[in-house]
Structures are given as structure tokens and as C-alpha cells.
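Owing to the predicted nature of the structure, the values given are computational and were not obtained by experimental measurement. Only this structure's heavy atoms are used, side chains among them; waters, hydrogens and symmetry mates stay out. We name chains A, B, ... by the order of the sequence lines, and we start the count at 1 in each one.
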Number of protein chains: 2
Amino acid sequence: MKLTTKGRYAVTAMLDLALHGDQGPVSLAEISTRQEISLSYLEQLFSKLRKNDLVTSTRGPGGGYSVSRELSLVAVSDIISAVNESVDATQCAGRENCHSHGRCLTHDLWEGLSVQIEEFLSSVSLQDMIDKQRVQNVSVVRESMLVQVRHA
Amino acid sequence: MKLTTKGRYAVTAMLDLALHGDQGPVSLAEISTRQEISLSYLEQLFSKLRKNDLVTSTRGPGGGYSVSRELSLVAVSDIISAVNESVDATQCAGRENCHSHGRCLTHDLWEGLSVQIEEFLSSVSLQDMIDKQRVQNVSVVRESMLVQVRHA
DNA sequence: CTCTTAACCCACTAAAACAGTCAAGTATTT
DNA sequence: AAATACTTGACTGTTTTAGTGGGTTAAGAG
């Protein structure tokens, strides 16, 4: 899981789509002006989003893109991994040349954290974000996670 | 919060330091061979880690780096933001040119998620990762977070 | 039928970030 | 004094980002 501005753009665009898509498809031009992302860049991103079945396209006048599934079924991690197409080639993972046990241990620790991040982003859907309109009470969530992590 | 291989390298190196630092400082050369990260790249990373007071350096023979605080006080987010020096210049944030309410809303939604990611990574310390040796029961954590997010 | 709209597709590019190299220094210990 | 090892900075090749430009295809409106 890689987290860069590219993923941010994709998530922002998908949120725009989710918010404005209740009356038919939304054109990239609209998203471009609203979110201040260049049209051509959006085309690149939506090409990947379409290939990953996150959006469907409608051609012609009045056309545009629509979210292909229920908003609650589109996770943030889906969007990010769609545009990042991460092969996740961890150079050491499960290779036989990993004889030094110390190295594997450190790698495992990091991998474990990566899984947690992945799982976290999988647990947040577009619907979740819209329902709340704004993330509240973060400290409560934090404390809860802290406990979970400590006792896991 | 940006999450790339650079941050991964930094976290891995800090974990190595935490695991091997119980008997005095650890040289970058050791970390380089154990973790298969180029020495020069480590130098760059540790320069930033030192400037952010995450590690202290000891010069001379037998010297190296040590974690500067208690392991439980070093969060993963500290390490990542130290090497990424993210200025986080969100082009729109709180500017007066943000007249279109739709745009701000989308940005706010994304910002909210960013905060959650940040908080999540802040809640995991080096000590946490070492205590567990391996992240277990991720699904339990996931379910818990899911509930938290939904009801936040 | 034709014109417009908007997706689709491709090649290309400037700038930044990433990952690593090299070399000349400085501080500390033996 | 010499060896060790951190410090600093300049430099390089590659990949990713973000954006341009041009053309093609599908669908609707007149």
C-alpha cells in the first residue's frame, strides 16, 4: 500500500463522483473544475479506476462516469491500489536467501504494520466518509486502536 | 502523511536499531548489511532522523546510533514524517478562494481520513511492534475499527 | 446526416521524488 | 597518530507525478 498525492487525487475524485452522481453520470470536466485537477490527469486515473471496475463510463452528451457499486462497497484501499497498481514486490518476502533470522524478523514487523494499514483503509468506504460528513471524535478512535494494538 | 518505500526503509532501520541497540550504539554499516539498505542511503535517512531527535549519534570507534527515547515513545508516524519532511501544502486548505462549497466538502472528507491515518500510525510505537513480535489477530482489530469508524 | 459532447487512447515531456554514489571532511577512541 | 565512524554536500540515474496535445470512437441533438 502506497500513499501519495496520486491516491489522494483518486480518492478526492471518487468522493466528488459519489457526492454529485445521484442524477446521472458526472463528466470529468466537472470534476476537473470542482477539484482543480487537470482533465488529462483525471483521464489517466479514471482509465485505471474503470479497469478495476470501480466506475462505469457513459459516452456521448450528458455522459460521464458513475460509481459502479454501492458506495458502501467501495473502500478507500480499493481506490488507492487501483491507481497505484502496486505489485508489492517486497524483495525479501519468503525467499530462501533470507537466512539471517534478524532480517526476517524486522521485515515481518514491518509487514505486519503494512497489513494493519491496509486493513484500516479497507474498513473505510465512500459511504462511511459521506455519512459522517466529517470525521469526529478521532481521539476516541485512537484510544480504542491503541488498546487493540497493545493487546492484539 | 505520505507512505512510500522511503518511510519503509526508515521504519525498518529504526526497528533494527531497537532490536540490536541494547548493548551500545549500532553502526550504520551493521544495519546496512542486515537490512540490505545501501549505507549512503541510510546516512541520508539517519541525518533526518537525528535532526528530528529520534536518534542520537556516537562518534568514534564502537560508535553508531541509538534510539534517543524510550521505545514506547517513538511512534511509526514520527519516523515516517521525519524522513518525508511533509510540508503538507494542501492547496485549498482554509483559503478564501474556496468559494465553491462542494470542493471544500470533498477536501474536508479527505482531510478527515488523512487525520485518521495519521492517528493510527501515531498509535503504534516501536515498543508495540517488538512486544508482539508479529501482528496477530488483525481481523479483530479491523472489525473493531470498522465499528468505530461507522459510529464515530 | 452532421455537429457536438465526452469518453477513450496514445505518445510525449518537464519537474519532482526516490535511491544510490562518491568524496572530502570532522570527531572520538585506542 | 591512526583507525573508526559519523557528517556533509554535491552529484547521478531512474521512476513517478502531473500535465499537454492530438487523434479516435460512441452517443445524442438538431
Side-chain angles (χ1 to χ4, degrees), chain A residues 1-13 17 20-21 24-33 35-52 54-68 80-91, chain B residues 1-13 17 21 24-33 35-52 54-68 80-89 91:
Chain A
M1 174 81 8
K2 200 167 51 172
L3 207 58
T4 60
T5 50
K6 191 175 193 173
R8 178 203 147 98
Y9 278 142
V11 172
T12 302
L17 210 58
H20 297 92
V26 180
S27 76
L28 292 188
E30 289 178 58
I31 301 178
S32 176
T33 47
Q35 306 302 333
E36 293 179 342
I37 307 172
S38 92
L39 181 59
S40 308
Y41 198 40
L42 280 176
E43 283 176 359
Q44 287 181 37
L45 297 180
F46 274 79
S47 169
K48 291 178 180 173
L49 292 174
R50 197 176 64 91
K51 277 166 190 156
N52 283 267
L54 294 178
V55 296
T56 52
S57 61
T58 313
R59 290 184 152 199
Y65 286 95
S66 313
V67 182
S68 61
I80 292 175
S81 57
V83 297
N84 279 340
E85 58 203 20
S86 69
V87 199
D88 191 37
T90 46
Q91 63 267 34
Chain B
M1 175 79 10
K2 199 166 49 173
L3 206 59
T4 61
T5 49
K6 191 175 192 172
R8 177 203 149 98
Y9 278 144
V11 171
T12 301
L17 209 59
V26 181
S27 74
L28 292 189
E30 289 179 59
I31 301 178
S32 175
T33 46
Q35 306 303 331
E36 293 180 342
I37 307 171
S38 92
L39 181 59
S40 309
Y41 199 39
L42 280 176
E43 284 173 357
Q44 285 181 35
L45 297 180
F46 274 80
S47 169
K48 290 179 181 173
L49 292 173
R50 199 179 64 89
K51 278 168 190 154
N52 282 266
L54 294 178
V55 296
T56 53
S57 62
T58 314
R59 291 182 151 201
Y65 286 95
S66 313
V67 181
S68 62
I80 293 175
S81 57
V83 297
N84 280 340
E85 58 203 19
S86 69
V87 198
D88 192 36
Q91 63 268 34

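- The residue among A/S40 and B/F46 whose nearest nucleotide of DNA chain D is located toward the 5' end is B/F46.
- For the pair B/Q44 and A/G7, both in contact range of DNA chain D, the more 5′-proximal nearest nucleotide belongs to B/Q44.
- Listed here is the closest heavy atom pair of B/G7 and B/V83: CA-CG2, 4.1 Å.
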Show me, pair by pair, the donor-acceptor contacts under 3.5 angstrom made by side chains of residues 39-47 of chain B, not counting sequence neighbours?
from: B/S47; atom 1: OG; to: B/K51; atom 2: NZ; distance (Å): 3.4

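- With rounding to whole Å, B/Y65 atom OH is found 18 Å from D/dT4 atom P.
- Listed here is the closest heavy atom pair of B/T12 and B/Q35: CG2-OE1, 3.4 Å.
- A/S47 comes within contact range of no nucleotide atom at all, as no heavy-atom separation falls under 4.0 Å.
- Atom NZ in A/K48 sits roughly 15 Å away from atom C1' in C/dC8 (whole-Å rounding).
- Here the nucleotide nearest the side chain of A/S27, chosen from D/dA10, C/dC8, C/dA6, is C/dA6.
- In this structure, A/L3 atom CG and C/dC18 atom P are separated by 13 Å, rounded to whole Å.
- As rounded to whole Å, 13 Å separates atom P of C/dA7 from atom CG of A/L49.
- One interatomic measurement links the two molecules: CG of A/L28 to C1' of C/dC9, which rounds to 14 Å at whole-angstrom precision.
- The salt bridge (charged side-chain N to carboxylate O under 4.0 Å, His left out) test applied to A/K6 returns no partner, not counting sequence neighbours.
- Between the side chain of B/S32 and the backbone N or O of B/I37, at least one donor-acceptor pair lies under 3.5 Å.
- Here the closest non-hydrogen pair linking B/M1 and A/L3 is O-CD2, 4.0 Å.
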Dump every N/O contact between nucleotides 15-17 of chain D and the protein below 3.5 Å, one line per pair.
from: D/dT17; atom 1: OP1; to: A/T4; atom 2: OG1; distance (Å): 3.2
from: D/dT17; atom 1: OP2; to: A/K6; atom 2: NZ; distance (Å): 3.3

Provide a list of protein-nucleic acid N or O atom pairs under 3.5 angstrom, restricted to nucleotides 23-30 of chain D.
from: D/dT25; atom 1: O2; to: A/R59; atom 2: NH1; distance (Å): 3.2
from: D/dA26; atom 1: O4'; to: A/R59; atom 2: NH1; distance (Å): 2.4

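- To the nearest angstrom, C1' of C/dA23 lies 13 Å from CG of B/L39.
- A/R59 is linked by a side chain to side chain contact (heavy atoms under 4.5 Å, CB included) to nothing, counting only residues two or more places apart in sequence or in another chain.
- Residues satisfying the side chain to side chain contact (heavy atoms under 4.5 Å, CB included) criterion with B/S68, sequence neighbours excluded, are B/T56.
- A/L45 places its CG atom 14 Å from the P atom of C/dC8, with the value rounded to the nearest Å.
- Side-chain nitrogen and oxygen atoms of A/S57 include none within less than 4.0 Å of the OP1 or OP2 phosphate oxygen of C/dA6.
- Atom CZ of B/R50 and atom C1' of D/dC6 are 9 Å apart (whole Å).
- When all heavy atoms of B/S66 and B/L17 are compared, the closest pair comes out as C-CD2, 4.1 Å.
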